[in-house]
There are 2 protein chains.
Amino acid sequence: MPRTDRKKAEASARPPVQPAETFRRSRHDRALETAQDYVEAIADLTAAQGEARVVDLARRLGVTHVTVNRTLARLQRDGYVSTKPYRAIFLTPGGSRMADECRQRHQTVVAFLQTLGVSAKAAELDAEGIEHHVSPETLAAFERFIKKH
Amino acid sequence: MPRTDRKKAEASARPPVQPAETFRRSRHDRALETAQDYVEAIADLTAAQGEARVVDLARRLGVTHVTVNRTLARLQRDGYVSTKPYRAIFLTPGGSRMADECRQRHQTVVAFLQTLGVSAKAAELDAEGIEHHVSPETLAAFERFIKKH
DNA sequence: ATTGAAATGTATCCATAGCTACATAATGGT
DNA sequence: ACCATTATGTAGCTATGGATACATTTCAAT
Ligand SMILES: [Mn+2]
Ligand SMILES: [Mn+2]
Ligand SMILES: [Mn+2]
Ligand SMILES: [Mn+2]
């Protein structure tokens, strides 16, 4: 059996938890970020101005309308939105459910950070990324903390 | 001027903060995730077994050795690591500095979540993703909370 | 009804980040 | 010294997500 031991390997055998799992979870969460941000934005825009258009999403997300178009095609393929050429964008029931969860979670993460003493500005900036990696267990802990303070 | 007003637009003009900025920040953080996870893993492996090899990184990160190879080429291009064919991987001074920061921040995020009542398992899983979106201000708030509890 | 500006769509390019399949190098056990 | 196993490297595929340049469609003002 070649290549088995390393320069000073015999000390610690294997780490207690498989670290590969944490990275896989992190990558999995990252893959859902786009869908979550889009459905959340579509729900926000529809609530705020009656409809969500491609330009609105592009402005809101800080990308070009081309990126929005291709992403919407993927979201439609995956059953989150329904679009017709040159028309407004609508969430499917599934997309609407996801949007509700994301809005709620986003709100909780922002409120939690502010309760902790983080400025409104930094809380909003950090939450936009953090929200996608907060498990239900951690979200519950955030909510407990908010209620207690 | 066509296409100016929307179905019930005149109510709220523009949101208080430009939301596009938060998404740009989030995407920027996301782009650094890979580099941060790799240098952190290289530092860990080097500390634990004297050297970091491609196979070790592949096992640790849960990807194939091919993915590790291409990523290392990018990290070398960007000045974080130095590699020679069929040899172990070394961090440059810059890579080492980044690794130290990442290890410290990772540790803080995990400890913070546990202090908040999150289980060790969930804390580790969530921290792997959250860490990359925690600003210095929020990190400082986490540290204050840990010290106070 | 016309028409020009805005919105939307399409073609094509680039970088990142995963994979399988195959080729070559290194090394420990014999 | 040999060689089988392991480690490493390379070729080429896919998907996501960003961009610019150009084409087409809509729609509000005239
Ligand atoms: Mn987000
Ligand atoms: Mn959000
Ligand atoms: Mn990480
Ligand atoms: Mn980490």
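Just so we're on the same page: letters track the sequence lines, and every chain starts at 1.
- When only modelled atom types and interatomic distance are considered, A:Thr22 and B:Glu124 share no side-chain donor-acceptor pair under 3.5 Å.
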Contacts under 3.5 Å, N or O only, protein and nucleotides 21-23 of chain C:
none

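- B:Asp56 places a side-chain heavy atom less than 4.5 Å from the side chain of B:Arg59.
- Nearest-nucleotide positions on DNA chain D place B:Arg87 closer to the 5' end than the other of A:Pro85 and B:Arg87.
- A close approach under 4.0 Å does not occur between any side-chain nitrogen or oxygen of B:Arg27 and OP1 or OP2 of D:dG17.
- Taking a cutoff of 4.0 Å between a charged side-chain nitrogen and a carboxylate oxygen, B:Glu101 and B:Arg103 do not qualify as a salt bridge.
- Between A:Phe112 and A:Phe145, the ring-plane angle classifies as perpendicular under the 30° and 60° cut-offs.
- Scanning residues 67-79 of chain B for heavy-atom distances under 4.0 Å to DNA chain C yields B:Thr67, B:Arg70, B:Arg74, B:Arg77.
- Among A:Arg105, A:Arg60, A:Glu131, the single residue meeting the side chain to side chain contact (heavy atoms under 4.5 Å, CB included) criterion with A:Glu40 is A:Glu131.
- Residue B:Lys148 holds its NZ atom at 12.5 Å from OG1 of B:Thr115, rounded to the nearest 0.5 Å.
- Distance CD1 (B:Ile89) to P (D:dA7): 13 Å, rounded to an integer number of Å.
- Rounded to an integer number of Å, the gap from CD of A:Gln36 to P of D:dG17 is 12 Å.
- Using a 4.0 Å cut-off between charged nitrogen and carboxylate oxygen, A:Asp78 and A:Arg74 do not count as a salt-bridge pair.
- A salt bridge is absent between B:Glu33 and B:Arg30: the closest approach of a Lys/Arg side-chain nitrogen to an acidic carboxylate oxygen does not fall below 4.0 angstrom.
- At C:dG18, none of the side-chain N or O atoms of A:Arg24 fall inside 4.0 Å of OP1 or OP2 (strictly under the cut-off).
- A sub-4.0 Å separation between OP1 or OP2 of C:dA17 and a side-chain N or O of B:Thr34 is present.
- Residue-to-nucleotide proximity on DNA chain C shows that, of B:Val63 and A:Thr83, the 5′-proximal contact is made by A:Thr83.
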